[in-house]
Asks: 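The structure's right below; bear with me while I get my questions together.
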Amino acid sequence: MRVRLALLGGLMLVLALALGAWLWRKPPAGAEQGPIVIGLLHALTGPLATSELPLVAAVQLAVDEINQGGGLLGRRVELRTEDTLSNARVTAAAAAERLIGEQQAVALFGCWSSGCREAVRPVVETRHHLLFYPMTHEGMERSPNIVYTGPTPNQQVLPATDWAMTGFGRRVYLVGTDSLFPHRVNAMLRDFVQLGGGRVLGERYVTLGSADVQALIADLQTLQPDVVLSTLSGDSNRAFFDGLVAAALTDLPLLSFTAAEPEMRAYGGGRLDRHFTAWSYLQSLPGAANTAFLARLRALNGADTQASDPAVSAYVGVQLWAAAVRELGSTQTEAVNANVLQQSVSAPHGYAAMDAQSRHLWRQLRIAQVRPDGQLAEVWQVPRLIRPASWPAFRPTEHWAAIVAQPGGRP
């Protein structure tokens, strides 16, 4: 009996020692699961790289801040990036599939153009996944699998156009890149200008990356509009600004909807005497939060790094996702998708709060004039946050749905 008790006691001691050794060697909670992977879709090369690289830098900063603070759920966040090659309508869907399927990304961030967003949309909807989209867009949709952190038309294009027509006149010229967003938003603006007692004198589109703006400049010289509304993206802005300078049209009022500090600095937008933009965030905004944000951004990515409204919208998207993960205690994509609609976070320009009904952010509008150095100086603002509207209210939803339904998704 004593022998059996001694053997049993010895066995229990061995088991206790083994358990203690296992607990001592056990990694911290979450570490055995590896990092939390998120995916990024942006052009690192091609005519959109100047615009999109600042968004990559801002997302990298957001991830770095999360990891410096201990990560999420005891795990590091790891960013995997796909280059859309400035040709997202061709490359983005496959890139999104790779990030979700091969890289096991729990959320996607990115896209610049509406064409990119529309290419990725069926991927995230079919897979019940999640995309945070940071760019201004034409509205006319509300996907259950996209969080839109950029402005809707009622938060940017429409009130800014009203400001421009009030200040400069109602004879308007429209110019844009030959792609989805400019065609759709200009269809909206043709109606809006006419309803506001104005007239669209002309409308031209430039192939992405093209420097062929001679016909456009000739139009402006002939028609002499009161104001030009631009949805040009990428390197074509350089050719457009150069053309205006060469034609002595530097005093022609120009309102750029898709260019911010990075483009103005790179393409010389400050050479034009009456050049304006319409955004919520400006790099020149006063305040400790913005100063600290810019210092952290440049410490991580280099002293010449430029912020922009789309870049800050990309940064905010990561912070909203992280806030939902913390609150849930989980990275499960469908749960995060539901929770993120209730979130608000601090931002360099104040607070960023979700509107659950529209899946967009509440935003403030600031009109800024481009300074000679390419920075933006605020000249006017809407003194309140604007609630997002996915479909402009001055036409029925069916009207906008008919535009989207046209071949190629454009009017």
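These numbers come from a predicted model, not from an experiment. Numbers for residues simply follow the sequence, beginning at 1.
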Asks: For a quick test of your reading: what N or O donor-acceptor pairs under 3.5 Å do the side chains of residues 342-350 make, sequence neighbours left out?
Replies:
residue : atom : partner : partner atom : Å
Q343    : NE2  : E327    : OE1          : 3.4
Q343    : NE2  : N339    : OD1          : 2.7

Asks: Mind checking whether F168 and W163 have parallel, tilted or perpendicular rings, split at 30° and 60°?
Replies: perpendicular

Asks: Less than 4.5 Å apart, any side-chain heavy atom of E378 and any of L282?
Replies: yes

Asks: Before giving the answer on salt bridge (charged side-chain N to carboxylate O under 4.0 Å, His left out), spell out for D373 and R265 the whole-Å C-alpha distance, their side-chain angles and the decisive distance to 0.1 Å.
Replies: CA-CA 7 Å; D373 64 356; R265 184 173 178 182; over 6 Å; no

Asks: Any luck finding a side-chain donor-acceptor pair between T152 and N154 under 3.5 Å?
Replies: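 Result is yes, a qualifying pair exists.
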
Asks: If I take atom CG from residue L232 and atom CG from residue L254, how far apart are they, to the nearest 0.5 angstrom?
Replies: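 Reported to 0.5 Å precision, the distance equals 8.5 Å.
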
Asks: V157 pairs by side chain to side chain contact (heavy atoms under 4.5 Å, CB included) with which of L229, D162, T231, L189?
Replies: L189

Asks: Rounded at 0.5 Å granularity, tell me how far CG in L55 sits from CG in L48.
Replies: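 Interatomic distance, L55 CG to L48 CG, rounded to 0.5 Å: 11.0 Å.
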
Asks: List the residues meeting side chain to side chain donor-acceptor pair (under 3.5 Å) with R298, not counting sequence neighbours, and say none if there are none.
Replies: Q283

Asks: I'd like to check the salt bridge (charged side-chain N to carboxylate O under 4.0 Å, His left out) partners of R274; sequence neighbours left out, ordered by chain and number.
Replies: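 D251.
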
Asks: Step by step, would you call V213 with R204 a side-chain contact (heavy atoms from CB on, under 4.5 Å)?
Replies: CA-CA 10 Å; V213 296; R204 279 194 182 270; over 6 Å; no

Asks: Can you list the residues that meet the salt bridge (charged side-chain N to carboxylate O under 4.0 Å, His left out) rule with D83, with sequence neighbours excluded?
Replies: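 Residues passing salt bridge (charged side-chain N to carboxylate O under 4.0 Å, His left out) with D83: none at all.
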
Asks: Is there a side-chain contact between I38 and V106 in this structure, where contact means two heavy atoms from C-beta onward sitting under 4.5 Å apart?
Replies: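 Yes, their side chains come closer than 4.5 Å.
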
Asks: Would you indicate whether the side-chain heavy atoms of S236 and T177 approach each other to under 4.5 Å?
Replies: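 In short, these two side chains do not touch, never coming nearer than 4.5 Å.
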
Asks: How far apart are the closest heavy atoms of A92 and V120, and which atoms are they?
Replies: CB-CG2, 3.8 Å

Asks: Does Q332 have more than 12 heavy atoms from other residues, nucleotides or ligands lying within 6.0 Å of its CD?
Replies: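 Counting other residues, nucleotides and ligands, CD of Q332 exceeds 12 neighbours.
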
Asks: To the closest 0.5 Å, what do you measure between SG (C116) and CG (L180)?
Replies: 11.5 Å

Asks: Distance alone, cut at 3.5 Å: any donor-acceptor contact between the side chains of S390 and E141?
Replies: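 No.
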
Asks: R80 and E78: salt bridge (charged side-chain N to carboxylate O under 4.0 Å, His left out), yes or no, with the steps?
Replies: CA-CA 7 Å; R80 307 280 174 84; E78 188 170 298; 2.3 Å; yes

Asks: Do you know the tightest heavy-atom contact between V404 and R184?
Replies: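 V404 and R184 have their closest heavy atoms at CG1-NH2, 3.6 Å.
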
Asks: Grab the two heavy atoms, one from A164 and one from V227, that are nearest each other, plus how far apart they are.
Replies: CB-CG2, 4.1 Å

Asks: Tell me, yes or no, whether the heavy-atom count around R127 atom CZ, taken from other residues, nucleotides or ligands under 6.0 Å, exceeds 12.
Replies: yes

Asks: Check whether Y133 reaches the backbone of W112 with its side chain - one donor and one acceptor, N or O, closer than 3.5 Å.
Replies: yes

Asks: Answer whether the closest heavy-atom distance between the side chains of T277 and L255 falls below 4.5 Å.
Replies: no

Asks: Verify whether the ring centers belonging to W279 and F257 lie closer than 6.0 Å.
Replies: no

Asks: Any chance CD of Q357 has more than 12 other-residue heavy atoms, nucleotides or ligands included, within less than 6.0 Å?
Replies: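 Open: at most 12 neighbouring heavy atoms sit under 6.0 Å from CD of Q357.
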
Asks: Strictly distance-based, threshold 3.5 Å: is any side-chain N or O of N290 a donor or acceptor partner for the main-chain N or O of G287?
Replies: no

Asks: With sequence neighbours left out, write down each residue that passes side chain to side chain donor-acceptor pair (under 3.5 Å) with N87, or none if nothing qualifies.
Replies: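 Partners of N87 by the side chain to side chain donor-acceptor pair (under 3.5 Å) criterion come out as none, since no residue qualifies.
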
Asks: According to side chain to side chain donor-acceptor pair (under 3.5 Å), who are the partners of E125, at least two apart in sequence or on a separate chain?
Replies: R121, S143

Asks: Is V147 close to M354 at the side-chain level, that is, under 4.5 Å between some pair of heavy atoms?
Replies: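 They are in contact (side-chain heavy atoms under 4.5 Å apart), so the answer is yes.
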
Asks: Quick one, L376 and Q369 - any side-chain contact, counting heavy atoms below 4.5 Å?
Replies: no

Asks: Going by ring pair (Phe, Tyr, Trp, His ring centres under 6.0 Å), name the pairs with one or both residues in residues 200-226, residues two or more places apart or in two chains.
Replies: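 Residue pairs with at least one partner in residues 200-226: H183-Y205.
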
Asks: Okay, side chain of N337, backbone of L130: is any donor-acceptor separation there less than 3.5 Å?
Replies: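 No, because the side chain of N337 does not come within donor-acceptor range (under 3.5 Å) of the backbone of L130.
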
Asks: Can you name the closest pair of heavy atoms from L108 and A105 and give their distance?
Replies: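 Where L108 meets A105 most closely, the heavy atoms are CD2-CB, 4.2 Å.
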
Asks: May I ask you to test the E65-V77 pair for a side-chain heavy-atom distance under 4.5 Å?
Replies: no

Asks: With rounding to the nearest 0.5 Å, note down the distance linking CD in Q214 to CG in D219.
Replies: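 One finds 12.5 Å between CD of Q214 and CG of D219.
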
Asks: Anything under 3.5 Å between a donor and an acceptor, one on a side chain of residues 243-250, the other on a protein residue two or more places apart or in another chain? List them.
Replies:
residue : atom : partner : partner atom : Å
T250    : OG1  : D273    : OD2          : 3.4

Asks: Going through the checks in order, is the side-chain contact (heavy atoms from CB on, under 4.5 Å) test met by W391 and S358?
Replies: CA-CA 10 Å; W391 289 271; S358 67; over 6 Å; no

Asks: With R359 as the cation and Y148 as the aromatic partner, state whether NZ or CZ is under 6.0 Å from the six-membered ring centre and within 45° of the axis.
Replies: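 The answer is no; the distance or angle limit is not met.
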
Asks: Distance from R117 atom CZ to L41 atom CG, nearest 0.5 Å?
Replies: 13.5 Å

Asks: Taking G34's backbone N and O only, do any of them form a donor-acceptor pair with R75's side chain (distance below 3.5 Å, no angle check)?
Replies: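 The answer is yes, because a donor-acceptor pair under 3.5 Å joins these two groups.
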
Asks: Please assess E261 against R371 for the test salt bridge (charged side-chain N to carboxylate O under 4.0 Å, His left out), listing each intermediate value before the final yes or no.
Replies: CA-CA 10 Å; E261 290 92 340; R371 301 190 315 219; over 6 Å; no

Asks: Could you give all pairs that pass the ring pair (Phe, Tyr, Trp, His ring centres under 6.0 Å) test and reach residues 62-101, with sequence neighbours left out?
Replies: none

Asks: State which residues pass salt bridge (charged side-chain N to carboxylate O under 4.0 Å, His left out) with D178; sequence neighbours excluded, sorted by chain then number.
Replies: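 So D178 forms a salt bridge (charged side-chain N to carboxylate O under 4.0 Å, His left out) with R410.
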
Asks: What pair of heavy atoms forms the shortest contact from V172 to P225, and how long is it?
Replies: C-CB, 4.4 Å

Asks: Could I get the full list of salt bridge (charged side-chain N to carboxylate O under 4.0 Å, His left out) partners for D226, not counting sequence neighbours?
Replies: R171

Asks: On a heavy-atom basis, which atom in A278 and which in Q156 lie closest, and how many Å separate them?
Replies: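 Heavy atoms of A278 and Q156 come nearest at O-NE2, 2.9 Å.
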
Asks: Do D242 and R271 have side-chain heavy atoms sitting under 4.5 Å apart?
Replies: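 Counting from C-beta outward, D242 and R271 do come under 4.5 Å.
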
Asks: Centres of the F109 and H42 rings: under 6.0 Å?
Replies: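 Between H42 and F109, which both carry aromatic rings, the centre distance is not below 6.0 Å.
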
Asks: Using the benzene-type ring in the case of Trp, are the ring centres of F394 and W400 under 6.0 Å apart?
Replies: yes

Asks: Could you grab the distance from atom CZ of R190 to atom CE of M188, nearest 0.5 Å is fine?
Replies: 11.0 Å

Asks: Not counting sequence neighbours, which residues clear ring-ring contact (aromatic ring centres under 6.0 Å, His included) with F293? List them please.
Replies: Y315

